Colleague: 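Below is the structure I would like to discuss, written out as structure tokens.
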Amino acid sequence: MRSILDAARERAAAREGASDERIDADAQSLTEAFERAEADGRVPVIAEVKPTSPTTDGERTDDPVELAESMVAGGAAALSVLTEPEHFGGSTDALERIRAAVDVPVLRKDFVVREAQLDAVEADVLLLIVRFLDEEGTDDLADLLTAARERGFQVLVEAHTASEVERALGAGAEIVGVNNRDLAKLEVDLETFETVATEVPENVTLIAESGIATTNDALAMREAGADALLVGSAIVDAAGGSDVEANTRRLVTAESDATAETAADADTDAEADTQS
Ligand SMILES: O=P(O)(O)OC[C@@H](O)[C@@H](O)c1c[nH]c2ccccc12
């Protein structure tokens with residue numbers, strides 16, 4: 001299989017020939033969706049519809065709209081939908097159907113390297129990956145960021161290292177995602193977020209991405225400063241079962257459950273005190 005980047009360049013070239021109409025996105029605010037979640041005690045989670053990936057065996061053939069609806073029922077603040085066809089089994093059609101079916105913001109997850117790719121499908125939020133930009137055959141991050149905003153998209157800029165975060169901020173990113181997965185080696189290390197997050201100023205919305213599997217992982221990412229979590233595998237093919245709604249809810253309620261547990265512990269302690 002050719003590389004993700006080569007595939008992206010080729011899809012970009014195909015779109016350049018197609019000269020689609022320019023998207024004029026009517027976008028729902030991602031940060032407001034996070035605030036609504038926080039206001040009712042939910043951890044802001046972006047749940048991801050990803051039929052397959054280079055690190056997954058096989059491909060899920062469930063109806064993506066049903067998956068998405070279960071995620072929202074489980075309390076997801078927003079959704080992420082892969083539209084990359086070759087390595088992730090995604091499609092713009094799935095994104096359109098999901099976006100029409102749910103009332104939360106939807107992120108288009110793809111490898112956008114050229115402006116022409118922006119017009120493939122409307123979404124609330126668009127992903128730009130620092131690692132794949134500013135090099136030969138791709139556009140500049142700052143130019144793409146501007147071009148995406150001109151079309152009405154909010155933009156999530158993804159970084160993996162401190163220097164990529166610097167490039168994201170330098171280009172004017174207001175929403176930054178730190179990917180715990182190294183896209184070259186495809187290995188996940190949650191310490192990536194814990195280390196790199198310290199580079200991001202308070203006024204920037206910060207998202208921890210990938211490899212978040214347990215409620216403890218979720219708590220650790222929040223502790224390290226994540227305003228929101230982006231979770232795919234642990235919701236869709238969790239070891240504990242594939243009840244997507246329950247898997248989403250488990251992460252969404254991680255903090256309220258932890259508080260309840262501490263309170264219960266305190267109660268038991270108080271009881272022990274009165275009895276002694
Ligand atoms: O399935 P996970 O480990 O929960 O990860 C979700 C998401 O972060 C991951 O799919 C992802 C992060 N950045 C990407 C860029 C392209 C494609 C996919 C991704």
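Note that the coordinates shown come from a computational prediction; the quantities given were computed from them, not determined experimentally. When a ligand or atom number is given, it counts from 1 through the structure's own listing order.
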Colleague: Would you call Ile212 a ligand 1 contact, heavy-atom distance under 4.0 Å?
Modeller: no
Colleague: Report the part of Glu84 (side chain from C-beta onward, or backbone N, CA, C, O) that has a heavy atom under 4.0 Å from ligand 1; answer both or neither where that applies.
Modeller: neither
Colleague: Relative to ligand 1, is Leu183 under 4.0 angstrom through side chain, backbone, both or neither, heavy atoms considered?
Modeller: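 The answer is neither.
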Colleague: Using the ring pair (Phe, Tyr, Trp, His ring centres under 6.0 Å) rule, collect all pairs that involve residues 148-185, keeping only residues at least two apart or in two chains.
Modeller: none
Colleague: Give the numbers and elements of all ligand 1 atoms closer than 4.0 Å to a heavy atom of Phe88.
Modeller: 17 (C), 18 (C)
Colleague: Are any of the side-chain nitrogens in Arg42 or Glu38 under 4.0 Å away from the carboxylate oxygens of its partner?
Modeller: no
Colleague: Is it true that Asp257 and Arg250 have a side-chain N and a carboxylate O under 4.0 angstrom from each other?
Modeller: no
Colleague: Check ligand 1 against Lys50 and write out every atom of the ligand that is under 4.0 Å from a heavy-atom position of the residue.
Modeller: 1 (O), 2 (P), 5 (O), 6 (C), 9 (C), 10 (O)
Colleague: Could you tell me which atoms of ligand 1, counted from 1 in the order shown, lie closer than 4.0 angstrom to a heavy atom of Gly211?
Modeller: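 Those of ligand 1 that fall under 4.0 Å from Gly211 are 2 (P), 3 (O), 4 (O).
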Colleague: I'd like to know if Glu158 pairs up with Arg131 as an ion pair, taking the criterion as any Lys NZ or Arg NE/NH1/NH2 lying under 4.0 Å from an Asp or Glu carboxylate oxygen.
Modeller: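 Salt bridge between Glu158 and Arg131, a charged N being under 4.0 Å from a carboxylate O: no.
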Colleague: Would you call Asp139 and Arg114 a salt bridge, taking side-chain N to carboxylate O under 4.0 Å as the test?
Modeller: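 Answer for the salt bridge query: yes.
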Colleague: State plainly whether the residues Arg151 and Asp119 are in salt-bridge range, i.e. N to O under 4.0 Å.
Modeller: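 Result for this pair is yes, salt bridge flagged.
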Colleague: With a cutoff of 4.0 Å, is Ala234 in contact with ligand 1, counting heavy atoms of the residue only?
Modeller: no
Colleague: Quick one: do Glu48 and Lys109 make a salt bridge, cutoff under 4.0 Å?
Modeller: yes
Colleague: Judged on heavy-atom distance to atom 11 (C) of ligand 1, which of Glu48, His160, Lys109, Arg181 sits nearest?
Modeller: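 Of the listed residues, Lys109 has the closest heavy atom.
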Colleague: Counting from 1, what ligand 1 atoms have a heavy atom of Glu158 closer than 4.0 Å?
Modeller: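 Near Glu158, the atoms of ligand 1 are 12 (C), 13 (N), 14 (C), 15 (C).
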